[in-house]
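Report on the following structure.
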Protein chains: 2
Amino acid sequence: MRSIKTRQIMELNQTQRNLIEKLGVFHEKTGMPPTESRVLSLLLVSDEIELTFDEIRETLQVSKSAISNALNTLMLTNKIEYITKSGDRKRYFRSNLSNWKKNAADGLHSLLSINALMKEVLAIRTDKTPEFNKDLGDVIAFIDFLQVELLVIFNKWNQLK
Amino acid sequence: MRSIKTRQIMELNQTQRNLIEKLGVFHEKTGMPPTESRVLSLLLVSDEIELTFDEIRETLQVSKSAISNALNTLMLTNKIEYITKSGDRKRYFRSNLSNWKKNAADGLHSLLSINALMKEVLAIRTDKTPEFNKDLGDVIAFIDFLQVELLVIFNKWNQLK
DNA sequence: TTTTTAGTTCTGTTTTAACAGAACTAAAAA
DNA sequence: TTTTTAGTTCTGTTAAAACAGAACTAAAAA
């Protein structure tokens, strides 16, 4: 038998719990489901940055199925990852902080992806509404502009680092 | 009695309907409810850019209550507006295209508002995880940087115009 | 081989969001 | 004044999301 030290149950102080709640609500507003939001927030706030399935489960007091689903989609979307420790069967989940920059970039990209649709709209609009069409064209031009400029910004940041 | 011309029922071709659907799905992914998404998309695609309550209702085939709620929240969030025509009791709703730039700016701003929470997190984190904390600090610095640079970009655009 | 463990998947329940339809309201028109 | 119109608000229904709990699985340990 391996001597796997069972850690004492995770303790969160009230400040930490409040922050998890606030972060959770924030993420929910972006469309992320409650449990997923809480897990992600917990992994950001917790003193212990690597937590096992059961530690997360007990801390948040939700069912195994909910935790399982949350962890899996968080991994699929690259927001968390896990490591293993030799001689330990459990997986240790942790926030994928180093990837957040890329995640942010992805988020912005998908946000700007509406422009393809906008261009489709403009292409099929009647020519009887020139002013409206001009406004729409402006919006499209602005988003295109934004896309280019954001790339510049990202490069600038990477050079600073 | 006033002679208010009842317009012929709105006709949308299949291309237009498909686009409304695609735009609708896009907006739904950002957390906007289905009917609201459809109304907003309709007002972008329709040849007639100013539509009455009932025209929208008949075109989309949904209930009055759904339309009423959708229109009101779209107005609250500044995505649409309405005009009136003298001697006509109806309101004519239209996409608030000229405000979309501001809406985009607002959207980005609220997106970046997570940084306040991130700073709260960093402030209360244990000092026993220096590497993690450093990564978190980097994320925060990046978002702060992004905020400033986005302002520059918006100004740059406004000068181009 | 049997047993334990860490997590997954399935099924049913609860909760919440979204909507329909009817009753209602306020202002304008008749 | 009454009637019509344009939209709102209320109540009940439907549909979908989120979750709990138990059964299950696969790999490791005993």
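Numbered from 1 within each chain, the chains take letters A, B, ... in sequence-line order. Note that the structure is a prediction, hence the values are computed from the model and not measured.
Take A/N133 and apply the side chain to side chain donor-acceptor pair (under 3.5 Å) test, not counting sequence neighbours, and it matches A/R125, A/T129. Residues meeting the side chain to side chain contact (heavy atoms under 4.5 Å, CB included) test with B/K79, sequence neighbours left out: B/M32, B/L40, B/L74, B/T77, B/N103.
Contact between the side-chain N/O atoms of A/R38 and the OP1/OP2 oxygens of D/dC19 is not found at any separation under 4.0 Å.
The number of heavy-atom neighbours closer than 6.0 Å to CZ of A/F53, taken from other residues, nucleotides and ligands shown, is above 12.
Rounded to an integer number of Å, the gap from CD1 of A/I80 to P of C/dG7 is 11 Å. Atom-to-atom, CD1 of A/I56 to P of D/dC19 comes out at 15 Å; the value is rounded to the nearest Å. Rounded to whole Å, the distance from OH on B/Y82 to C1' on D/dG7 is 11 Å. When the P atom of D/dT8 is taken as reference, atom CG of B/L76 falls 11 Å away, rounded to whole Å. Atoms CD (A/E28) and P (D/dA17) sit 15 Å apart, rounded to a whole Å. To the nearest angstrom, C1' of D/dA6 lies 8 Å from CZ of B/R91. Atom pair A/D88:CG and C/dT5:P shows a separation of 13 Å (rounding to whole Å applied). To the nearest angstrom, P of D/dA18 lies 16 Å from CG of A/L60.
Between A/F145 and B/W157, the ring planes are tilted. Angles from 30° to 60° get that label.
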If you look only at distance, which donor and acceptor atoms sit under 3.5 Å apart when one is on a side chain in residues 147-155 of chain A and the other is two or more places apart or in another chain?
from, atom 1, to, atom 2, distance (Å)
A/E149, OE1, B/K156, NZ, 3.3
A/E149, OE2, B/K156, NZ, 3.0
A/N155, ND2, A/L151, O, 3.4

Without placing hydrogens or testing angles, list every side-chain donor-acceptor pair under 3.5 Å for residues 107-114 of chain B, not counting sequence neighbours.
from, atom 1, to, atom 2, distance (Å)
B/S110, OG, B/G107, O, 3.2
B/S113, OG, B/S110, O, 2.6

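At a threshold of 4.0 angstrom between heavy atoms, the contacts of B/D54 with the nucleic acid are absent.
The closest donor-acceptor contact from the side chain of A/T30 to the backbone of A/H27 lies under 3.5 Å.
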Problem - Evaluation steps, side-chain contact (heavy atoms from CB on, under 4.5 Å), between B/I143 and B/K119 - result: CA-CA 11 Å; B/I143 296 178; B/K119 285 173 186 175; over 6 Å; no
Problem - Test log, rule side-chain contact (heavy atoms from CB on, under 4.5 Å), inputs A/K29 and A/V25 - result: CA-CA 6 Å; A/K29 282 196 219 151; A/V25 170; 4.0 Å; yes
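Axis angle between the ends of the helix from C/dT1-D/dA30 to C/dA30-D/dT1, five pairs each and rounded to 10 degrees, works out to 0°.
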Short heteroatom pairs, N/O only, protein and nucleotides 18-22 of chain C, under 3.5 Å:
from, atom 1, to, atom 2, distance (Å)
C/dC19, OP1, B/T35, N, 3.3
C/dC19, OP1, B/T35, OG1, 2.8
C/dC19, OP2, B/T35, OG1, 2.9
C/dC19, O5', B/T35, OG1, 3.4
C/dA20, OP2, B/S63, N, 2.7
C/dA20, OP2, B/S63, OG, 2.7
C/dA20, N7, B/S65, OG, 2.8
C/dG21, O6, B/S65, OG, 2.9

